[in-house]
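Below: one structure, written as structure tokens.
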Amino acid sequence: HARVLNPFAQLKRLQLPGLARTNYVTFLFLAAFSGMEFTLTFLAAERLGYEPRDNVWMFVFSGLLIAIVQGGFVRRLAPRLGEKKVALQGLIVLVPGFAVVGFAHSGVMLYCGLALMAVGSALAMPCLSSLVSRYAPGDRQGLALGTNRSMMALARALGPIAASLTYWRWGSTAAYLAAAVVAVLPVLLALRLPPVPTTETAS
């Protein structure tokens with residue numbers, strides 16, 4: 001039962017080119033993103049005196065931007081550039097997004113950072129999920145996708161805990177700069193993803 005509950009143990013059964021690496025990319029990216037998303041309201045209240053209504057507008061802004069990017073851009077970019085390139089672009093955009101929010105002391109700067117975070121996650125998330133499916137052979141699709149979802153759930157659990165501990169121990173700027181540093185790791189991992197098992201159109 002421990003092996004079933006531990007997604008990292010499941011990765012040992014999925015030692016296929018690109019698959020384990022994509023799962024690690026997803027875990028690191030989502031842990032950093034979910035941690036910053038969780039502590040965002042603390043930062044906004046501390047720095048800008050935001051109240052619940054202001055927080056609602058922040059998340060509405062981010063949600064609309066994510067929907068626009070995923071619905072209007074990812075569906076066009078992914079077939080043309082390939083999921084690897086689009087995911088990598090999203091991961092790269094997240095790094096300055098975290099840093100900008102970390103240094104934000106005005107609403108304009110905060111929303112600029114939020115825009116980068118929203119665009120980066122909107123580009124990366126669907127493409128990473130697609131890569132997991134494409135790297136996995138047909139007879140292991142269920143195991144591959146299930147393991148990926150487990151890694152995502154674990155990241156969403158651990159990310160906010162780590163971010164909150166960092167935030168309350170060293171402050172908001174340190175928490176977001178730490179997230180920016182962590183976000184560099186999935187970028188480096190994604191740079192070495194192998195070609196997907198189907199023919200890609202070179203851009």
Original post:
Can you tell me if Arg21 uses its side chain to pair, donor with acceptor, with the backbone of Leu189 under 3.5 Å?
Top reply: yes
Subject >> Side-chain donor or acceptor of Arg192 paired with backbone N/O of Leu188 under 3.5 Å >> reply: no
Original post:
If you draw a 6.0 Å radius around CZ in Phe73, do more than 12 non-hydrogen atoms from other residues or ligands fall strictly inside?
Top reply: no
Original post:
Between CZ of Arg134 and SG of Cys127, what distance do you get to the nearest 0.5 Å?
Top reply: 10.0 Å
Subject >> Check: Gln70 side chain, Pro126 main-chain N or O, donor-acceptor pair, under 3.5 Å >> reply: no
Subject >> Pairwise side-chain contact, Val101 with Arg47, heavy-atom cut-off 4.5 Å (strictly under) >> reply: no
**OP:** Of all the heavy-atom pairs spanning Ala115 and Leu65, show the shortest one and how long it is.
**Re:** CA-CD2, 3.6 Å
**OP:** Supply the atom-to-atom distance Leu154 CG to Thr147 OG1, rounded to the nearest 0.5 angstrom.
**Re:** 12.0 Å
**OP:** Check whether any side-chain heavy atom of Pro194 sits under 4.5 Å from a side-chain heavy atom of Tyr135, and report yes or no.
**Re:** yes
**OP:** Look up atom CZ in Phe27 and atom OG in Ser150, then write down how far apart they are to the nearest 0.5 Å.
**Re:** 12.0 Å
Original post:
For the atom pair OG (Ser62) and CE (Met117), what is the distance rounded to the nearest 0.5 Å?
Top reply: 7.0 Å
**OP:** Indicate yes or no: at least one non-hydrogen side-chain atom of Arg156 is less than 4.5 angstrom from one of Leu30.
**Re:** yes
Original post:
Should Leu185 and Leu88 be counted in the same cluster of Ile, Leu, Val, Met, Phe, Trp and Tyr side chains packed under 4.5 Å apart?
Top reply: yes
Original post:
What's the shortest heavy-atom distance between Ala99 and Ala180, and which atoms?
Top reply: N-CB, 4.3 Å
Original post:
Do Leu116 and Leu110 belong to the same hydrophobic cluster, where Ile, Leu, Val, Met, Phe, Trp and Tyr are linked whenever their side-chain heavy atoms lie under 4.5 Å apart, directly or via other members?
Top reply: no
Subject >> Path from Ile161 to Met151 over hydrophobic side-chain contacts below 4.5 Å >> reply: no
Original post:
Taking the side chain as C-beta and beyond, is there a heavy-atom pair between Leu81 and Gln89 under 4.5 Å?
Top reply: yes
**OP:** Provide the closest heavy-atom pair for Ala190 versus Val25 in the form atom of the first, atom of the second, distance.
**Re:** N-CG2, 3.9 Å
Subject >> Heavy-atom side-chain proximity of Leu94 to Val187 below 4.5 angstrom >> reply: no
Original post:
Taking a hydrophobic cluster as the set of Ile, Leu, Val, Met, Phe, Trp and Tyr residues connected by side-chain heavy atoms closer than 4.5 Å, whether directly or through intermediates, do Val181 and Phe103 fall within one such cluster?
Top reply: no
**OP:** Work out which heavy atom in Gly49 is nearest to a heavy atom in Asp54; give both atom names and the distance.
**Re:** O-OD2, 4.5 Å
**OP:** With the side chain counted from C-beta on, respond yes when Leu77 and Arg80 share a heavy-atom pair under 4.5 Å apart, and no when they do not.
**Re:** yes
Subject >> Qualifying side-chain hydrogen bond (donor to acceptor under 3.5 Å, both in side chains) pairs with a residue from residues 105-119, counting only residues at least two apart or across chains >> reply: none
Original post:
Would you find more than 12 non-hydrogen atoms of other residues, nucleotides or ligands less than 6.0 Å from Glu46 atom CD?
Top reply: yes
Original post:
Within the side chain of Thr22, is there an N or O that forms a donor-acceptor pair under 3.5 Å with the backbone of Val132?
Top reply: no
Original post:
Does a side-chain heavy-atom distance below 4.5 Å link Phe38 with Ser164?
Top reply: yes
**OP:** Report yes or no: does Ser129 contribute a side-chain atom to a donor-acceptor pair with the main-chain N or O of Met125 at less than 3.5 Å?
**Re:** yes
Original post:
Has the side chain of Arg149 got a donor or acceptor atom that lies under 3.5 Å from a matching backbone atom of Ala144?
Top reply: no
Subject >> Centroid separation Trp57 to Tyr50 less than 6.0 Å >> reply: no
Original post:
Counting only N and O atoms by type, is there a donor-acceptor contact under 3.5 Å from the side chain of Glu83 to the main-chain atoms of Leu128?
Top reply: no
Subject >> hydrophobic_cluster_shared for Leu43 and Met36, side chain cutoff 4.5 Å >> reply: yes
Original post:
With a 4.5 Å heavy-atom cut-off, do Phe98 and Leu177 have their side chains touching?
Top reply: no
**OP:** Please collect all side-chain hydrogen bond (donor to acceptor under 3.5 Å, both in side chains) contacts where either partner lies in residues 27-44, sequence neighbours excluded, each pair once.
**Re:** Thr39-Tyr176
**OP:** Would you give the length of the straight line joining atom CZ of Phe42 to atom CG of Asn55, rounded to the nearest 0.5 angstrom?
**Re:** 10.0 Å
**OP:** To the nearest 0.5 Å, tell me how far Leu131 CG sits from Leu19 CG.
**Re:** 10.0 Å
Original post:
Which class fits the ring pair Phe29 and Phe33: parallel under 30°, tilted 30 to 60°, perpendicular over 60°?
Top reply: tilted
